Amino acid sequence: MLQIQKIRTDKDSIIKNILEVRKVDVSDQINEVYNLDLKKRDTQKHLDEMSANMNVLSSQIGEQFKKGAIEKANILKKETTVLKENIKKLRKSFEELDQSILELLYQIPNNPNELVPPGKSENDNEIIFSSSIDSLKNDSLLPHWELCKKYDLIDFELGVKVTGAGFPIYKGKGAILQRALIQFFLNEGNKIGYQELSVPHLVNESSGYGTGQLPDKEGQMYHASLDDLYLIPTAEVPITNIYRDVILEEEDLPIKHIGYTPCFRREAGSYGKDVRGLNRLHQFDKVEIVQITNPLESYQTLEDMVLYVESLIMKLDLPYRKLRLCGGDLGFTSALTYDLETYSVGQDKWLEVSSISNFETFQSNRLKLRYRDQNKSIELAHTLNGSALALPRIMASLLEINQTEGGINIPEVLRPYTGFDSI
RNA sequence: GGAGAGGUGGCAGAGUGGUAAUGCAACAGCCUGCUAAGCUGUCAACGAGCAAUCGUUGCCAGGGUUCGAAUCCCUGUCUCUCCGCCA
């Protein structure tokens, strides 16, 4: 959620930037917020004055009662009745204004960073780097779902029986390879100072609001209605919400966490070849990295995080490309996002395996995640996160590119974790 | 699932109707041969002001009673203890 202070000072440039970059016109919402805010502050001024009066009267009444001057006290009491009524009314309209502003703010997306290329769709994303894939193309290579069947690594039909489409069952070496990847990703993160967390897979409603899944995207989350808990769509939700309503000390920053969790997504509206095999699942595993930083450092941190995730892909020896998302493809809460996509040789297709974003203060404003700087003043921190990495599509790319007549070779770095060299 | 107790500042902890004691910790300033001690101050949100500062709100949340609520009433929620169940 955007900061109201910024809307007070820069509303026109925010409107202009969101329109140019995201191609979305938010002028109505922002102007309304601006006007409601003026009204709200005016209301508060009156309300405060009246309340101050009321406090004075109340304590006078108390004094009179103590003295035993009941007559005088009763006269004062009468004075309060009108005042009380007015305070009640004014408080109500103050709260209504406050609520309206909040609801509008929830609907306004983050203001994109200047690096974000303007654009409407994924076609406008900026390709920053791409491995050369021409020499890899080969029609005789199998897509991963056929490899999974051939070597009995992942059983999609069995998952349908037990749960439904999009809940595959990993078997034997398939399950071991998956576990090896998780272990590898966690260990690499630990090496460069990310503290590992093992977090709940269900979260409460407040956490859903904190990271922005609620109120808009509840359709994307599974909901355990009996206990009113949500299955997490990403580890970002429980990890970031640890810091909801927290004031950190500046020297605590940056905070770096890494966590593995399954992720649950309803993916309502997806269909066709996009959902074939491991391309899109309702439940999948992911290792997530999260950082909370000083605002001055967040963009350097974003670059570091992207480089780190790239290094993981390189260690696995997978062809990949790096994109800077354009305004139209940029997530609602993000100010700047890089996507990393590995190449699926069996499908001749790029698969998104990581999305790394700087949210600036958009999340922390909602979370009330702040820090005390050297002048003791309290400021919003910046939050960032990224996948490092999402498992199924990595698995898909990995199986496809390492297939040979005699089997599937396991990348060198994973062998200590799998205990076998090939499938 | 049943029964009971409870939720107050960074922590501990008092406060049953008159506007949040006290202790500990941390930080800042003062004092000071040194050290220790001592003294003073230090919460958050919002608003007004160039500023010093001032006002309002906040004792789990939401409602109610009252001139006035941490305190009384209602609803919700969370935690703890015992019992039951259980990896």
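So you know, we letter chains A, B, ... as the sequences are listed, proteins then strands, and number each from 1. Not measured: the values here are computed from a predicted model. As a basis for the values below, the full set of heavy atoms in this structure was taken, side chains included, without hydrogen atoms, waters or symmetry mates.
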C1' atoms of G15(B) and G7(B), separation to the nearest Å: 15 Å
Euclidean distance for C1', U8(B) against G2(B) (whole angstrom): 30 Å
Gap in Å between the two C1' atoms, one belonging to U79(B) and one to A69(B), rounded: 24 Å
Watson-Crick or G-U counterpart of C78(B), or none if no pair lies under 3.5 Å: G6(B)
Strand partner of C86(B), provided both Watson-Crick or wobble distances fall under 3.5 Å: none
Derivation and outcome, salt bridge (charged side-chain N to carboxylate O under 4.0 Å, His left out), residues Asp37(A) and Arg41(A): CA-CA 6 Å; Asp37(A) 179 57; Arg41(A) 282 189 284 166; 3.4 Å; yes
Sugar-phosphate, base or nothing in reach of Ile61(A), heavy atoms under 4.0 Å: base
Complement of A48(B), any strand, by Watson-Crick or G-U distances under 3.5 angstrom: U53(B)
Euclidean distance for C1', A21(B) against U75(B) (whole angstrom): 32 Å
Sugar-phosphate, base or nothing in reach of Ile378(A), heavy atoms under 4.0 Å: sugar-phosphate
Tyr338(A) six-ring face occupied by Lys322(A) cation (under 6.0 Å, within 45°): yes
Sugar-phosphate only, base, or nothing, as touched by Asn55(A) at under 4.0 Å among non-hydrogen atoms: sugar-phosphate
Working for side-chain contact (heavy atoms from CB on, under 4.5 Å), residues Phe184(A) and Val413(A): CA-CA 8 Å; Phe184(A) 169 64; Val413(A) 290; 4.0 Å; yes
Distance, P atom - from C43(B) to A20(B), rounded to whole angstrom: 14 Å
Residue matched to C31(B) through Watson-Crick or wobble contacts both under 3.5 angstrom: none
Cation over ring face, Lys173(A) and Tyr151(A), 6.0 Å, 45°: no
Pairing partner of G58(B) (Watson-Crick or G-U wobble, both distances under 3.5 Å): C43(B)
Thr80(A) (side chain) donor-acceptor with Lys77(A) (main chain) under 3.5 angstrom: yes
Who pairs with A36(B) - Watson-Crick or G-U, where each distance is under 3.5 Å: none
U66(B) versus G17(B) - spacing of their C1' atoms, nearest Å: 9 Å
Separation between the P atoms of G62(B) and U57(B), rounded to whole Å: 15 Å
Tyr243(A) and His257(A) aromatic centres sub-6.0 Å: yes
Exam field: side chain Asp25(A) to backbone Ser27(A), donor-acceptor pair closer than 3.5 Å: yes
Upstream residue (5' side of RNA chain B) when Asp37(A) and Ala52(A) are each assigned their closest nucleotide: Asp37(A)
Nearest-nucleotide 5' precedence on RNA chain B, Arg372(A) against Asp48(A): Arg372(A)
Terminal contacting nucleotides, 5' and 3', RNA chain B versus chain A (heavy atom, 4.0 Å): G18(B) to G68(B)
Pairwise C1' distance, A26(B) and C11(B) [rounded to whole Å]: 11 Å
Parallel, tilted or perpendicular: ring planes of Tyr209(A) versus Tyr106(A), cut at 30 and 60 degrees: tilted
Sugar-phosphate only, base, or nothing, as touched by Ser58(A) at under 4.0 Å among non-hydrogen atoms: base
